[in-house]
Asks: 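Have a look at the structure that comes next, please.
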Amino acid sequence: MTRTIENWEWALVLGRSPAGEPIALGPFVEDILKGDYTQVLTSPAAKEIFGTDLTAQDSNVEVLSETLDITAYIVNQVTAYLSKPTATDSTTSELQFQVVCIGVAALYAFLQVGWTGPALAAHAIGLLPERLHQHSAQLQARTLEALSEDGEEAYSLTTEPLFLSISKAILVQCSDSLTDIKSIAWWRARCLFTQQKLLDNLSETMSNVITANMDEARSKLPSLEEHRELHARYNLEYGLVHHYYHRDHKAVPCFEAAQDASNFKWSLTGARGKRTKHQDFDVAQLVVMAESSSTEPANDSADDAAASKPVTLELNDDTLLENVKFTEETQGQGNLKIIDQCILLAFCLNVKNTNPVDGLTTEEMVPYVRRVLEHANNWMVHTMALLLKTRLESIKSRTVERAALQLQALVDQFKLEEPSPAERSAHIFSILIPPKWEMERELGERFVSLGVTRSALEIFERLEMWDDVISCYQMLEQNKKAEALVEERLKVQPKSAKLYCVMGDLKSDPSYYEKAWQVSEGRYARAMRSLGGYYFKKQEWVKAIECYHRALSLNALFENSWFVMGCAAMRVEDFDQAIRAFSRVVSLDHENGEAWTNLASVYIKQGKKREAWRALREALKNHFDNSKIWENFLYVSVDLCEYQEAMHAMDRVLEIRANRAGEKNPVVDEEILDILVRAVVGDMTDANGVGASHHARRLQHLLNNITSKISNSPAIFRSASKFYASQGMLRKALDYEQKAYRCLLNHPRLSEDEEVFKLAVQAAFVLVDAYVTMGPQMEEVRMASADETEAQMEMVCKDWKYQAKTTLKTLVGRTKSTFEDTPLHDELKEKLKEVNEL
């Protein structure tokens with residue numbers, strides 16, 4: 001019997017009937033799988049748990065009427081139901097599963113009225129004792145308050161939130177009494193993830209609890225060989241949770257695991273095709289080639305899908321084709337299983353999250369959606385694909401109108417009676433379809449982008465989305481109307497912390513944020529976030545830090561709040577606080593380059609150079625073309641004797657700045673270059689205990705790059721000369737000494753500026769000494785050939801005496817009119833005499 005219950009458990013999770021022995025609980029599951037949630041919620045067992053028939057004099061009902069604490073009431077009722085003696089042969093496991101079915105039915109009922117449609121005939125308040133019916137409005141408000149988390153409010157016009165509250169009370173709060181149910185952790189996660197979608201912002205508490213439950217659910221799954229689709233569903237849902245919380249580095253492995261479990265094969269490739277009606281040649285187009293496993297039928301819902309599909313509007317453009325017309329090489333792709341279509345859409349969402357917002361990202365996402373729409377087998381999955389398509393088309397001028405109309409059609413289809421609730425909800429947890437009010441909000445935002453602001457305003461006012469209402473009024477330059485509207489709403493809802501914050505935004509008055517914090521009794525995190533932002537703009541750093549600290553103690557998933565608090569802490573030189581803040585930012589978003597850079601700056605100020613070096617290295621992964629970060633990385637690398645990394649950093653600075661017009665920063669730091677040359681020449685030990693001479697080839701490559709782009713720096717040429725001399729390449733070393741001297745000899749202020757003259761004299765002396773020491777030496781000019789036993793040798797500079805004399809004579813002549821009879825000029829003449837005597 002336990003094995004049979006387990007089969008029904010996984011059937012309930014998957015949303016389809018299993019093959020196996022029927023049991024008394026079968027009708028409960030069958031009603032849920034048929035979408036008849038009311039039948040389950042009004043069953044005798046459910047009535048007993050909800051106390052539907054209890055009189056007003058019942059003690060539990062009296063307590064509920066006074067406290068309106070539906071969670072405590074349901075927990076007590078479930079405990080009593082499970083502990084009572086039963087006259088039937090039902091086992092403990094069967095009773096527990098019966099309770100779970102009721103909780104699941106309540107969850108699906110909530111999803112039907114808020115996500116999938118159509119409207120549900122039953123109301124949640126009707127499930128409770130009749131005495132509670134008169135408290136319907138108060139119970140609704142109390143339920144929404146209970147569904148808030150970490151200072152984030154649940155949407156105020158949530159439809160039938162009591163269904164979710166009942167489901168949460170059973171599946172989450174009563175889970176300790178449902179220990180025989182292997183899928184209970186998975187259902188807890190589903191219920192809590194649904195609650196998260198009601199909140200204004202992400203909640204850290206919800207994230208941690210959902211993740212913990214999904215981890216627990218993994219340990220209760222049957223083996224992969226036994227149930228591949230179950231593993232595919234699990235990994236897909238877990239990946240969507242990670243995606244929702246912007247943990248894409250964790251989402252992708254989950255999506256890949258789901259793909260492997262489903263034996264799903266796909267690839268993003270290119271194929272020839274046409275996009276326009278008048279195009280007479282094929283060009284390369286992105287396409288997804290996908291194939292489901294042949295071990296299971298792909299069209300598992302094709303019969304239902306054929307009967308009813310979401311309205312799909314035609315483009316009817318005079319130029320663009322409805323779909324890309326590919327050549328035969330991509331034709332005839334088969335149907336996909338619904339779970340595989342969901343996996344493709346998940347990968348599509350991942351493309352958006354892990355790439356910048358630009359045309360290339362859009363082009364990469366389109367093939368995923370196109371492949372799903374080719375054979376859409378499920379009404380809700382089809383809807384999700386159409387929704388993604390409207391988002392992608394909304395940024396293109398030729399498709400933006402169709403995108404808005406398509407989104408309107410998706411919003412309107414919620415009321416349709418077909419298809420059945422069962423088909424709509426079968427894969428609701430495998431996609432990230434938004435609730436109906438969020439789709440309407442998106443439609444309003446689409447209207448705003450099209451300039452239809454008043455139509456958008458009507459939508460936002462009906463949805464009571466006051467931030468968007470205020471934005472519309474501001475675009476219409478009607479701030480007074482916005483203020484009047486908020487004041488009017490405050491008369492209706494005098495304890496609405498959100499409205500006080502909206503008024504604070506309108507008037508830039510911090511007293512409203514303080515009032516919001518007060519009326520929420522210190523539980524509305526947005527009030528402190530807004531107040532912290534106000535003080536930051538006013539450069540009141542200490543107050544800003546205090547406000548953000550309060551807000552983040554309620555909900556720590558606000559990356560921007562941590563970042564701003566870190567910046568404020570840097571201003572007051574509270575470096576420990578700054579490190580905590582920026583460390584939290586990069587833990588939330590590992591690719592936040594600005595946070596890594598700031599973290600490195602703080603570490604440098606604390607003298608923690610190794611930590612700063614690591615932080616800068618992470619920053620460069622996301623700001624590869626930022627020369628300032630590369631320059632900071634260069635300085636820290638040199639300090640830490642990371643010579644190879646320093647050379648790479650200097651090369652990047654050169655590459656970025658040398659090709660940028662109007663660059664004011666130095667292209668090469670001559671002092672740092674000299675340090676690197678001296679390290680290699682002196683074979684200094686680097687950070688890894690290796691002699692720096694090991695990096696000679698890398699330094700030679702760097703010097704070649706630098707000298708090919710910079711031709712007016714004596715210091716750079718001297719450094720190059722020093723390096724090549726140490727490598728025994730005397731002719732090159734002498735050549736660079738000549739270039740260093742010529743830079744000064746041809747300086748426009750040589751005969752006017754004594755400092756330039758002094759540098760030129762020093763360069764001349766160095767060059768003359770180089771002629772004397774290197775010129776007479778022999779150097780290999782080419783390698784020995786097959787017929788030769790020795791390499792051909794040649795003097796480095798055959799006329800080195802003449803070149804040395806010419807060097808000094810030229811400088812003496814050019815500076816005679818200005819600097820004759822000065823000590824430095826006399827030194828030049830003395831040096832010339834010495835050379836003449838050689």
Side-chain angles (χ1 to χ4, degrees), residues 37-38 40-86 92 95-96 98-107 109-110 113 120 122-151 153-154 156 158-179 181 184 187-188 191-192 194-195 198 205-206 209 493 495 519-523:
Y37 314 124
T38 305
V40 177
L41 296 174
T42 56
S43 65
K47 286 184 177 181
E48 186 173 347
I49 289 174
F50 299 144
T52 308
D53 299 326
L54 292 179
T55 63
Q57 290 74 34
D58 186 272
S59 59
N60 289 335
V61 175
E62 289 180 350
V63 172
L64 178 58
S65 300
E66 294 173 2
T67 63
L68 298 180
D69 188 346
I70 189 66
T71 299
Y73 172 76
I74 294 294
V75 169
N76 288 335
Q77 291 290 107
V78 169
T79 302
Y81 180 79
L82 292 175
S83 60
K84 69 169 187 175
T86 175
T92 303
L95 287 177
Q96 290 182 16
Q98 197 173 47
V99 171
V100 168
C101 287
I102 294 169
V104 169
L107 177 60
F110 176 71
V113 297
L120 193 65
H123 296 283
I125 191 67
L127 304 177
L128 299 177
E130 187 175 352
R131 181 173 175 177
L132 270 296
H133 297 184
Q134 58 185 316
H135 302 298
S136 178
Q138 299 96 309
L139 191 58
Q140 168 100 351
R142 180 63 187 274
T143 299
L144 287 175
E145 182 181 341
L147 291 173
S148 301
E149 194 71 55
D150 289 349
E153 292 185 347
S156 60
T158 300
T159 310
E160 299 284 356
L162 192 54
F163 276 130
L164 180 59
S165 188
I166 290 172
S167 176
K168 183 180 177 183
I170 294 174
L171 299 176
V172 179
Q173 304 300 331
C174 295
S175 58
D176 289 342
S177 302
L178 305 172
T179 53
I181 308 302
I184 188 62
W187 282 112
R188 283 201 304 265
C191 181
L192 292 169
T194 303
Q195 180 187 349
L198 302 182
T205 300
M206 299 295 293
V209 175
Q493 298 174 281
K495 291 189 176 182
V519 299
S520 70
E521 297 179 353
R523 294 196 301 270

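Sequence positions, counted from 1, serve as the residue numbers for this chain.
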Asks: Would you say Asn76 and Val63 make side-chain contact, with heavy atoms under 4.5 Å?
Replies: no
Asks: Using only heavy-atom distances, determine whether the side chains of Gln173 and Lys168 contain a donor-acceptor pair under 3.5 Å.
Replies: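 Note: Gln173 and Lys168 side chains miss the donor-acceptor criterion.
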Asks: Please name all residues satisfying side chain to side chain donor-acceptor pair (under 3.5 Å) with Gln493, sequence neighbours left out, ordered by chain then number.
Replies: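 Arg489.
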Asks: His133: which residues meet the side chain to side chain donor-acceptor pair (under 3.5 Å) condition with it, sequence neighbours left out?
Replies: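 Checked His133 against side chain to side chain donor-acceptor pair (under 3.5 Å); zero matches.
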Asks: Nearest 0.5 Å, what's the CZ-CD distance between Phe110 and Gln195?
Replies: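 Taking CZ in Phe110 and CD in Gln195, the distance rounds to 9.5 Å.
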Asks: Does Pro129 reach the side chain of Tyr73, with side-chain heavy atoms less than 4.5 Å apart?
Replies: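 Yes - at least one pair of side-chain heavy atoms lies under 4.5 Å apart.
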Asks: Only distances under 3.5 Å count here; give the side-chain donor-acceptor pairs of residues 139-148 to other protein atoms, sequence neighbours excluded, each with its distance to 0.1 Å.
Replies:
from, atom 1, to, atom 2, distance (Å)
Gln140, NE2, Thr158, O, 3.4
Arg142, NH1, Thr67, O, 2.5
Thr143, OG1, Leu139, O, 2.6
Ser148, OG, Leu144, O, 3.1
Ser148, OG, Ala154, N, 3.4

Asks: List the residues meeting ring pair (Phe, Tyr, Trp, His ring centres under 6.0 Å) with Tyr37, not counting sequence neighbours, and say none if there are none.
Replies: Tyr108
Asks: Indicate yes or no: at least one non-hydrogen side-chain atom of Leu128 is less than 4.5 angstrom from one of Leu162.
Replies: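 Yes, side chains in contact.
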Asks: Not counting sequence neighbours, which residues clear side chain to side chain contact (heavy atoms under 4.5 Å, CB included) with Thr159? List them please.
Replies: Val113, Lys436
Asks: For the side chain of Ser43 and the backbone of Val40, is there at least one donor-acceptor N/O pair under 3.5 Å apart?
Replies: yes
Asks: Can you tell me if Ser175 uses its side chain to pair, donor with acceptor, with the backbone of Val172 under 3.5 Å?
Replies: yes
Asks: Could you pull out all residues at least two apart from Val209 that satisfy side chain to side chain contact (heavy atoms under 4.5 Å, CB included)?
Replies: Leu192, Thr205, Asn213
Asks: Of the non-hydrogen atoms in Gln96 and Thr179, which two are nearest, and what is the gap between them?
Replies: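 Gln96 and Thr179 have their closest heavy atoms at OE1-N, 3.3 Å.
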Asks: Does atom CD (Gln138) have a neighbourhood of more than 12 heavy atoms from anything else shown, all under 6.0 Å?
Replies: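 It does: Gln138 CD has more than 12 such atoms within range.
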Asks: Just verifying a value: how many Å separate Ile184 CD1 and Leu178 CG, rounded to the nearest 0.5 Å?
Replies: 5.0 Å
Asks: Rounded to the nearest 0.5 Å, what separation is found between the OG atom of Ser520 and the NZ atom of Lys495?
Replies: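 One finds 11.5 Å between OG of Ser520 and NZ of Lys495.
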Asks: Applying side chain to side chain donor-acceptor pair (under 3.5 Å), can you list everything that pairs with Ser65, at least two apart in sequence or on another chain?
Replies: Arg131
Asks: Considering only heavy atoms from C-beta outward, does the side chain of Glu160 approach that of Leu120 to under 4.5 Å?
Replies: no
Asks: Once salt bridge (charged side-chain N to carboxylate O under 4.0 Å, His left out) is applied, do any residues pair with Glu48, and if so which ones, sequence neighbours excluded?
Replies: Lys84
Asks: Who pairs with Phe163 by ring pair (Phe, Tyr, Trp, His ring centres under 6.0 Å), at least two apart in sequence or on another chain?
Replies: none
Asks: Measuring only between side-chain heavy atoms, which start at C-beta, is Val99 closer than 4.5 Å to Cys174?
Replies: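 Answer no - side chains too far apart.
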Asks: Just jot down the salt bridge (charged side-chain N to carboxylate O under 4.0 Å, His left out) partners of Glu66, sequence neighbours excluded, or say none.
Replies: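 Glu66 satisfies salt bridge (charged side-chain N to carboxylate O under 4.0 Å, His left out) with no residue once adjacent residues are dropped.
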Asks: Could you grab the distance from atom CG of Leu82 to atom CD of Gln98, nearest 0.5 Å is fine?
Replies: 9.5 Å
Asks: Of all the heavy-atom pairs spanning Gly103 and Ser167, show the shortest one and how long it is.
Replies: O-OG, 3.0 Å
Asks: What heavy-atom pair brings Thr79 and Ser83 nearest, and what distance separates the two atoms?
Replies: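 Shortest heavy-atom contact: O-OG, 2.8 Å.
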Asks: Working to the nearest 0.5 Å, report the span between OG1 of Thr71 and CD1 of Ile166.
Replies: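 Answer for the OG1-CD1 pair, Thr71 versus Ile166, is 9.5 Å.
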Asks: Taking atom CG of Leu198 and atom CE of Met206, what is their separation to the nearest 0.5 Å?
Replies: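 So the CG of Leu198 and the CE of Met206 are separated by 8.5 Å.
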Asks: Which residue pairs pass the side chain to side chain donor-acceptor pair (under 3.5 Å) test when at least one of the two sits in residues 49-61, sequence neighbours left out?
Replies: Asn60-Gln77
Asks: Residues two or more places apart in sequence or in another chain: which of them pass side chain to side chain contact (heavy atoms under 4.5 Å, CB included) with Ile74?
Replies: Phe50, Ile70, Val78, Ala169, Ile170
